Amino acid sequence: MDIQRFRQLNEQAKRLADEIGNLLIEVFHYLALFVIGASIVWSAVVAYGGMMLQGHATIGDILLLFIYLELGAMVGIYFKTNLMPVRCLIYIAITALARLLIADIQAHHQADMGILLVSGGILLLALSTVIIRKPSDDT
């Protein structure tokens, strides 16, 4: 009888530990999402404030705001679905590369291999969004 009772107590302790562990993970998950979301908002506000102080916004500045927008959307999607929206990451990468390309062209005013490589990266990322959107044949 003592061994049976010990096994029951052991199972109850395991279930309790699992529930507490799952609760702590969920609390950390939500806390981290709120911190990331607040950091995105803070960074976007600071960037926008810098544009206001300059009195104008460049195309690079506007693309930076789009990056913040996509990051915020990604956090929102992850918050609601607990799924990492890979397409959002690809859109952010495309926007970041476009921003880099525009800044490089504005600074150097000449075509070089870097422009071709960045353009190729944008093309590969754009093609990957098409591949990701297609449903697989085994579903």
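Sequential numbering from 1 along the given sequence is applied to the chain's residues. The structure displayed is predicted, hence computed values, not measured ones.
Within 6.0 Å of CE in Met113 there are 12 or fewer heavy atoms belonging to other residues, nucleotides or ligands. Around the CD1 atom of Ile59, the shell of radius 6.0 Å holds no more than 12 heavy atoms that belong to other residues, nucleotides or ligands.
The structure places CG of Asp2 at 12.0 Å from CZ of Arg7, a figure rounded to the nearest 0.5 Å. Between the CD1 atom of Ile115 and the CG atom of Leu100 there is a distance of 10.0 Å, given to the nearest 0.5 Å. Atom CG of Leu53 is separated from atom OH of Tyr48 by 11.0 Å, given to the nearest 0.5 angstrom. Going from atom CG of Leu69 over to atom CG of Leu63 covers 12.0 Å, rounded to the nearest 0.5 Å. In this structure, the separation between CD1 on Ile90 and CD1 on Ile132 is 3.5 Å, given to the nearest 0.5 Å. Of the inter-residue distances, the one linking Arg99 atom CZ with Ile92 atom CD1 reads 13.5 Å to the nearest 0.5 angstrom.
The shortest side-chain heavy-atom distance between Val75 and Leu71 does not fall under the 4.5 Å cut-off.
Between the side chain of Asp61 and the main chain of Thr58, a donor-acceptor pair closer than 3.5 Å is present. Side-chain atoms of Asn22 come within 3.5 Å of backbone N or O of Asp18 as a donor-acceptor pair. Put simply, the side chain of Ser43 never gets that close to the backbone of Ile40: no donor and acceptor are under 3.5 Å apart.
Tyr91 and Leu127 fall into different hydrophobic clusters, defined by Ile, Leu, Val, Met, Phe, Trp and Tyr side-chain heavy atoms under 4.5 Å apart, directly or through other members. Following chains of ILVMFWY side-chain contacts shorter than 4.5 Å, one cannot reach Tyr78 starting from Val35, and the two form parts of different hydrophobic clusters. Leu31 is not connected to Ile36 by any chain of hydrophobic side-chain contacts under 4.5 Å among Ile, Leu, Val, Met, Phe, Trp and Tyr, and they are in different clusters. The same ILVMFWY cluster, assembled from side-chain heavy atoms under 4.5 Å apart, contains both Met51 and Ile67. Following chains of ILVMFWY side-chain contacts shorter than 4.5 Å, one cannot reach Leu124 starting from Ile94, and the two form parts of different hydrophobic clusters.
Tyr68 is linked by a ring-ring contact (aromatic ring centres under 6.0 Å, His included) to nothing, counting only residues two or more places apart in sequence or in another chain.
A pairwise comparison of heavy atoms in Leu97 and Gly121 identifies CD1-C, 4.0 Å as the closest pair. Closest approach of Ala93 and Leu125 over heavy atoms only: CB-CD1, 3.6 Å. For Ala126 against Thr129, the heavy-atom pair with the smallest separation is O-OG1, 2.5 Å.
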_Audit row: Ile122, Val118, side chain to side chain contact (heavy atoms under 4.5 Å, CB included) steps and yes/no_ = CA-CA 6 Å; Ile122 292 171; Val118 172; 4.3 Å; yes
